[in-house]
Colleague: 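This is the structure, below, for whatever I ask next.
The analysis underlying the following values was restricted to heavy atoms, covering all of them including side chains, and did not include hydrogens, waters or symmetry mates.
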2 protein chains.
Amino acid sequence: MDVRALETLRAVRSQGGVTAAAAVLHLTPSAVSQQLAVLSRDAGVPLTERVGRGLRLTAAGDALADAAVDVAVALERARAACAAFAGSPTGTVRVSAFQSAAWMLLPGLLTRVAARGGITVECSDEDVAQDAFPALTDRHDVVVAHRPAEADPGWGGGVRVVPLLREPLDVAVPAGSPLAGRVALEPADVAGADWIAVREGFPVARVLADVGVRTGTAPRVVQRINDFHVVEALVAAGHGISLLPRYSSGGHPGVRLVPLAGVRAGRQVDALVRPDAAERRVVAVVLEELVALAGELRRG
Amino acid sequence: MDVRALETLRAVRSQGGVTAAAAVLHLTPSAVSQQLAVLSRDAGVPLTERVGRGLRLTAAGDALADAAVDVAVALERARAACAAFAGSPTGTVRVSAFQSAAWMLLPGLLTRVAARGGITVECSDEDVAQDAFPALTDRHDVVVAHRPAEADPGWGGGVRVVPLLREPLDVAVPAGSPLAGRVALEPADVAGADWIAVREGFPVARVLADVGVRTGTAPRVVQRINDFHVVEALVAAGHGISLLPRYSSGGHPGVRLVPLAGVRAGRQVDALVRPDAAERRVVAVVLEELVALAGELRRG
DNA sequence: ACGTCCATGCAGCGACGCTACATCGACAGC
DNA sequence: GCTGTCGATGTAGCGTCGCTGCATGGACGT
C-alpha cells in the first residue's frame, strides 16, 4: 500500500476527478488512474465508481482517503521530528489569498516573515467560488479564504481552519451622494438602490441577498464584479452602490464607506491548511505571523 | 521520505544493527545501509553514528524511529479501513511462543482460530533471553513472552503488551521424595537443595535468585536447562529439584509440584505485539482468542 | 449524429533500489 | 606485534516498477 497512491486517492477526492487530481500532482491522468487501479487491487475492494463521465469514491474509498490524511500527518510529523534537530525552520511556503485579502495581508506577511529569515513565501492570488476554496489546499500550503460571517456552514472537506478576522461589510457610496454624510445607514435607506455585487457563488454574494431579505425587496444588481478596486471605481462614477469590506477597501477618494445598521453584515476571513501541511514547522510559523498580522489590522 | 526506509530505521534500532535488521527485512546489509544513507540525507541530520564496529541511532534517529512507528500505525489503519468493507478478517498471523507457553497455548489457539475460519496461524517456538523478546516482534505478529511476575521493569522498546496470565512457580520434587507429600514448602525446606535452573538471563532465572535471598543462602544450581520437560526428567531421576510453572508443566509421573509458601514466586506471561501489527484486524482476533484461552486455563 | 470530455488500457522508456562483491575499520586470539 | 573475523559501507550491474504518450471507449451536450 503505497503512500503516494494514498495521496493520489485523497487528491482525486478533493479535486473531484482523475484529470484535476493529475494536474495538482504534476502527473498524467493515466498515472493517476493506474495508481488507483493498483491501490484498489491490493485493498481488495473497489475504491472508485464511474458516475457519468467522471467518477466518485465508494464508501471504502472515502474511508481510505480519510485514513490517507492520517498517514500524511504521521509522515509530516516524522519529518518535523528530525527537522527539530536540524535547527530553525527553513523552507518555502506557498500562500494563496483572494484579491482583497492579498492586498490587505500579503505585503505585511512578507515583511514579517522576511524579518525572521530563512523562509521563502511564494504568494499567489486565487479567488474562486466558495465551495472551491478547500480544494486549493492541494496546490497551496496556506489558503486565505472568506465566507459570510453569519449563518454559514463553514468549510467542509477536512481542512484545518484558522480564523484570521471578522470584517464588517459597509455600504460604499459615491462621495458626493446624500448618503455619504450619514454615520450609519438602515437597510431601508438602500432598498431601492442599484447594486454592484460579486459574481454568483462567490462568498459575499449571500450577504447582500440577506440584506435584501430584511427590506422585503430583492436588491437590484446591475453589475457583477469581483475586484473591489474596480467596484470602487464604478461606485465613484455613480454606477451604483456596493457592499465592501471595511479593512480591505476604501482607498478610492471618490468613495465613502458607511456602516450598515440593523443588519449583521460581515465576512469571515480564515486561513485554510491541509492537516499534513499544518504539521510542517515553517507552515506553522507563517500561520502564526498571519494570525498576528490579522490581529494588528483588527485593532489598528 | 520513504516509508520503507522508516521501517528499516525502526528495525535497525530494535535489532541493534544493520546486519540483523537486514535479516528480518529479508534484505542485504548493503540495501539497509543505502536506505539509511538516503534517509539521513533528506532528513538533513545524521541518524546513526558508528560505535565500535556497529552503530547506534543518534537522538534525531531515535526521534525519527519513534515517528516511524506512528507512520506504520497510520498505514495499518488505512489497510484496516478498507478491510472493514472486504468482509470478515482473513489472512495469516505469525505467532511465536517460548516452549512451555507453546505447549500450553498453541494447540488450543489453533483449534479456536480454526473454528472461526479464514485465518491461518503460523506458529513457531522461540525462547530467548528476556531482553530479546521485544525484538522478536520484528519477525512475528504476536510474541508470547514471560518475565518474573514481581519486581520486574516490564518490556521496553515500544511494544504493546497484552497480559495473558500470571502463573505461580511451584517446587518440582521427585515423587518418592519426603517433600512430595507436603501441601506446601517453606523456603527453608529447600534451602540446601540441588537446583536445576534455566540458563542465565532467561526470565525465570531471577525468581530462583529471589527465593535464595529469603533464605540467606544462594541456591546451589547444578544444572541449567531451559526445556521444562527435560527438567522434569532430571527431577524424576533425582538429579535435583526445580521451580516449574504450575500450568505448563507437571505431566511427568515421577514429579510432584508442591506450592511454595512465604514467597511470591510467579511468572507473568504476556503477549507482545508491535503497535502497527496490533492494528491488523486478524491479529486483533487472534489476540482475542489467545486472551480468552488464557482465561480458561487460569480458571480451569 | 457529431464533437468533446473524461477515464482507462497498452507499449516503451527511464529511474530507482536491489544484489553481489570489494573495501575499510574494529575487536579478539595467538 | 600480526592475523582472522565480523560489521558497516561504497561501487557496478541488473531487474523492476511507475511514468509518459497515444489510442480506445463510454457519456454528455449541441
Colleague: Anything under 4.0 Å to a heavy atom of chain A counts; send over the first and last such nucleotide of DNA chain D, read 5' to 3'.
Modeller: D:dC19 to D:dC28
Colleague: Verify, without hydrogens or angle tests, whether A:R94 (side chain) and A:R139 (backbone) share a donor-acceptor contact under 3.5 angstrom.
Modeller: yes
Colleague: Is there a residue in residues 3-18 of chain B whose heavy atoms reach under 4.0 Å of DNA chain C, and which residues are they?
Modeller: B:R4
Colleague: What N/O pairs connect the protein and nucleotides 19-26 of chain C at under 3.5 Å? Give each pair on its own line.
Modeller:
unit_1, atom_1, unit_2, atom_2, d
C:dT19, OP2, B:T28, N, 3.0
C:dT19, OP2, B:T28, OG1, 2.7
C:dT19, O4, B:Q34, NE2, 3.4
C:dA20, N6, B:S30, OG, 3.0

Colleague: Please test B:D141 against B:V273 for side chain to side chain contact (heavy atoms under 4.5 Å, CB included), starting from the C-alpha separation and ending with a verdict.
Modeller: CA-CA 6 Å; B:D141 297 313; B:V273 280; 5.8 Å; no
Colleague: Between B:L55 (CG) and C:dC27 (P), how many Å, whole number?
Modeller: 13 Å
Colleague: For the residue pair A:Q15 and A:A21, what are the closest heavy atoms and their distance?
Modeller: CB-N, 3.8 Å
Colleague: How close do A:P89 and A:V285 get, heavy atom to heavy atom, and via which atoms?
Modeller: CG-CG2, 4.0 Å
Colleague: A:R41 CZ to C:dG9 C1': how many Å, rounded?
Modeller: 15 Å
Colleague: What distance separates A:L287 CG from A:R280 CZ, expressed to the nearest 0.5 Å?
Modeller: 11.5 Å
Colleague: Would you call B:E7-B:R10 a salt bridge at under 4.0 Å N-O?
Modeller: yes
Colleague: Between B:D125 and B:A102, which heavy-atom pair has the shortest distance, and what is it?
Modeller: CB-CB, 4.4 Å
Colleague: Short of 4.0 Å, heavy atom to strand atom, which residues of residues 58-68 of chain A count as contacting DNA chain D?
Modeller: none
Colleague: Using five base pairs at each end, measure the axis-to-axis angle across the helix from C:dA1-D:dT30 to C:dC30-D:dG1 and round it to 10 degrees.
Modeller: 20°
Colleague: Closer than 4.0 angstrom, basic N to acidic O: yes or no for B:R274 and B:D138?
Modeller: yes
Colleague: Run the salt-bridge test on B:R13 and B:D62 with the 4.0 Å N-O cut-off and return the result as yes or no.
Modeller: yes
Colleague: Could you work out, with side chain to side chain donor-acceptor pair (under 3.5 Å) as the rule, every residue matching A:W155, not counting sequence neighbours?
Modeller: A:D270
Colleague: Given atom CD of A:E49 and atom C1' of C:dT8, what is their separation to the nearest angstrom?
Modeller: 17 Å
Colleague: Quickly work out the A:D2 CG to C:dG17 C1' distance and round it to whole Å.
Modeller: 14 Å
Colleague: Which heavy atom in A:V71 sits nearest to a heavy atom in B:A78, and how many Å separate them?
Modeller: CG2-CB, 4.4 Å
Colleague: Applying side-chain contact (heavy atoms from CB on, under 4.5 Å) between A:H146 and each of A:R267, A:Q268, A:Q130, report the one that passes.
Modeller: A:R267
Colleague: Are a donor atom and an acceptor atom from the side chains of B:E126 and B:H140 found within less than 3.5 Å of each other?
Modeller: yes
Colleague: Specify the closest pair of heavy atoms between A:V142 and A:A271, including all atoms of both residues, with the distance to one decimal.
Modeller: CG1-CB, 4.1 Å
Colleague: Between the side chains of B:T8 and B:Q35, is a donor N or O closer than 3.5 angstrom to an acceptor N or O?
Modeller: yes
